[in-house]
S.K.: 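Pasting in a structure now, in structure tokens, and then I'll have a few things to ask.
Just so we're clear, the structure is a prediction, and the values are computed from it rather than from any experiment. The chains referred to below are lettered A, B, ... by the order of the sequence lines, with proteins before strands, and numbering in each begins at 1.
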2 protein chains.
Amino acid sequence: MQVLRAMKSTSVSTQKDRAESREGNQAGKREQTKLANRAAILEAGRQIFAELGYEGTTVRDIIRRTELASGTFYNYFKSKEEVFHALHDDGVARFKPLLRAARESAGQDFQAFMITAFEAYFNFLMNDQSVDREMAAMPEWTRVRFDTPESLALFDELKADIIAFATEFKLDHVDPELLTASCVGIAQEIGDRLLRGRIKDIPAAARFAAYFVLGGSQRVQSEMQA
Amino acid sequence: MQVLRAMKSTSVSTQKDRAESREGNQAGKREQTKLANRAAILEAGRQIFAELGYEGTTVRDIIRRTELASGTFYNYFKSKEEVFHALHDDGVARFKPLLRAARESAGQDFQAFMITAFEAYFNFLMNDQSVDREMAAMPEWTRVRFDTPESLALFDELKADIIAFATEFKLDHVDPELLTASCVGIAQEIGDRLLRGRIKDIPAAARFAAYFVLGGSQRVQSEMQA
DNA sequence: TACGATGTTGACGCGCTGTCAGCTTTTCGC
DNA sequence: GCGAAAAGCTGACAGCGCGTCAACATCGTA
């Protein structure tokens, strides 16, 4: 059963009407169904992943929470992995503007950028309804981590920001690759502890991380040029 | 077929002999077989995980690389996850003494401890024949991460070391939880890039990480007490 | 040697995977 | 509107991995 069946249109629009409205921005019924099905699968996936964990969920679990037949799943995704990646990328896309806002509000202030960026990330982690959040909070020993092209693009953006500030502040002996890696590692590890409740105070954690990175960069600069 | 079958003993030792030698340190045949079977499964697992990745391997793949029947697997492990955890824990156990050596050779020198510890970790990652190494080097988007009790114990040990140094150096405003998390995050993220060849110079990376942590801690201390 | 105890074996029932022939719904030209 | 073609949904199916277990083999012991 396609998910649009329940809301089958009662309109009596002519074919011409439909053609015209499609030229506007109303999509054809076929298009609508495809969007709705995809969305239904994604939403079901989000729920099931949160309930059963990545390893524990099967394509069948996802499709069962849907009104679709099992075969239909494969018209939209190749595997549960692809569903998860799509959900993950959604999260990345939602976070990206927050990082940009941090950069713009900080101007030339490296410290302000770092504090804002870390705090934005930690708040995002704790509040956004992303797949990753509930799954990371599960007390599993075997966890899953995703490096989609989307994530990697985000890291590259961060790296560009970091290079800009490093240039500005004459940190010419600080390898940007290592610096970015450190920022990402710190954010991930502290974020993980926030999600598990081992750490509570988000602003304090953000300040810690920011000062840590600032002090760390300067120390590396002075040691490496010596 | 049990793996000892091929090397069935030709000894004519009496029952008394066997009992006595068992009281020494020769194990009984039963015991030997169990050890050999377990070792065979672990070794097969190591190979298969490296070839197919964590997600890609099945219990059947592991047992097929062995002379054992499928049912036998479950006398030793509950799942492939347990096999992986055992392999992972082996790695942790091999690394632990290296961390201790770093602590002892450093004496009261925090900087020396950090440099030695990071370098030991990076060298270990790149050279030790651990499951994690080959798997991390695979160009997958979906990766797996393990927090076994064994790993967590290692982190706790590291945290204790860090607390000791932090006390020594009057870093009383630096949250040890956050500091440990940062060290672990930096080590993991830089280690990951080493494994993927994005970073090459191990000693340089170790110095970077060490100076970064030192400078970061001091900066946090001065900012937080202000 | 004989007899429990211990451990191994592989076939089995179950559930998941990805596919595909058949069917339903939508689109579109007339 | 109508009818044919295109699009896409459906669920049964073959293949395979899972964990179990009754039957069997081997070991330990007296």
S.K.: With A:E43, which residues qualify under salt bridge (Lys or Arg N to Asp or Glu O under 4.0 Å), at least two apart?
M.R.: A:R46
S.K.: Just to be sure I understand the rule, does A:T58 reach a base, reach only the sugar-phosphate, or reach nothing, if contact means heavy atoms closer than 4.0 Å?
M.R.: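 Since only primed, P, OP1 and OP2 atoms lie under 4.0 Å of A:T58, the category is sugar-phosphate.
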S.K.: Starting at atom CD1 of A:I63, determine the distance to atom C1' of C:dG18, rounded to an integer number of angstrom.
M.R.: 13 Å
S.K.: Nearest whole angstrom, please: distance from the P of C:dC16 to the CD1 of A:I62.
M.R.: 12 Å
S.K.: Mind running a 4.0 Å heavy-atom check of residues 72-85 of chain B against DNA chain C and sending the residues that fall below it, in number order?
M.R.: B:T72, B:N75, B:Y76
S.K.: Please state how far atom CZ in B:R60 lies from atom P in D:dC18, giving the value in whole angstrom units.
M.R.: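 One finds 6 Å between P of D:dC18 and CZ of B:R60, rounded.
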S.K.: Between A:A187 and A:F122, what is the shortest heavy-atom contact and its length?
M.R.: O-CE2, 3.6 Å
S.K.: Kindly state whether the ring of B:F84 and the ring of B:F77 have centres lying under 6.0 angstrom apart.
M.R.: no
S.K.: Starting at CG of B:L35 and ending at P of C:dG7, how long is that distance when rounded to a whole Å?
M.R.: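 Going from CG in B:L35 over to P in C:dG7 covers 12 Å.
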S.K.: Looking at A:T33 and A:K29, would you say the former's side chain and the latter's main chain have a donor-acceptor pair under 3.5 Å?
M.R.: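 Judged by distance alone, yes, a pair lies under 3.5 Å.
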S.K.: Closer than 4.0 Å, any side-chain N/O of A:R64 to the OP1 or OP2 of C:dC16?
M.R.: yes
S.K.: Would you kindly give the CZ-to-C1' distance between A:R30 and C:dT27, to the nearest whole Å?
M.R.: 7 Å
S.K.: To the nearest angstrom, how far is B:K34 atom NZ from D:dC27 atom P?
M.R.: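 Value for this atom pair: 14 Å.
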S.K.: Give the rounded distance in Å between these two atoms: CD of B:Q32 and C1' of D:dT26.
M.R.: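 In whole Å, D:dT26 C1' and B:Q32 CD are 14 Å from each other.
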S.K.: Does A:D61 use its side chain to pair, donor to acceptor, with the backbone of A:T58 at less than 3.5 Å?
M.R.: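 Such a contact is found between A:D61 side chain and A:T58 backbone.
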S.K.: Any residue in residues 46-54 of chain A with a heavy atom nearer than 4.0 angstrom to DNA chain C? Just list them by number, or reply none.
M.R.: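 Within residues 46-54 of chain A, no residue comes under 4.0 Å of DNA chain C.
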S.K.: Take the protein atom CG of A:N37 and the nucleotide atom C1' of C:dT25, then report the distance between them rounded to whole Å.
M.R.: 13 Å
S.K.: Mind checking what makes ring-ring contact (aromatic ring centres under 6.0 Å, His included) contact with B:F113, not counting sequence neighbours?
M.R.: B:F165
S.K.: Strictly below 4.0 Å: does A:K29 bring a side-chain N or O up to OP1 or OP2 of C:dT27?
M.R.: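 Looking at the OP1 and OP2 atoms of C:dT27, neither is under 4.0 Å from any side-chain N or O of A:K29.
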S.K.: Can you name the salt bridge (Lys or Arg N to Asp or Glu O under 4.0 Å) partners of A:E177, sequence neighbours left out?
M.R.: A:K159, B:R193, B:R198
S.K.: If the condition is ring-ring contact (aromatic ring centres under 6.0 Å, His included), which residues does A:Y121 pass it with, not counting sequence neighbours?
M.R.: A:F95
S.K.: What do you reckon, are the aromatic ring centroids of A:F146 and A:Y54 less than 6.0 Å apart?
M.R.: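 Ring-ring flag for A:F146/A:Y54: true, centres closer than 6.0 Å.
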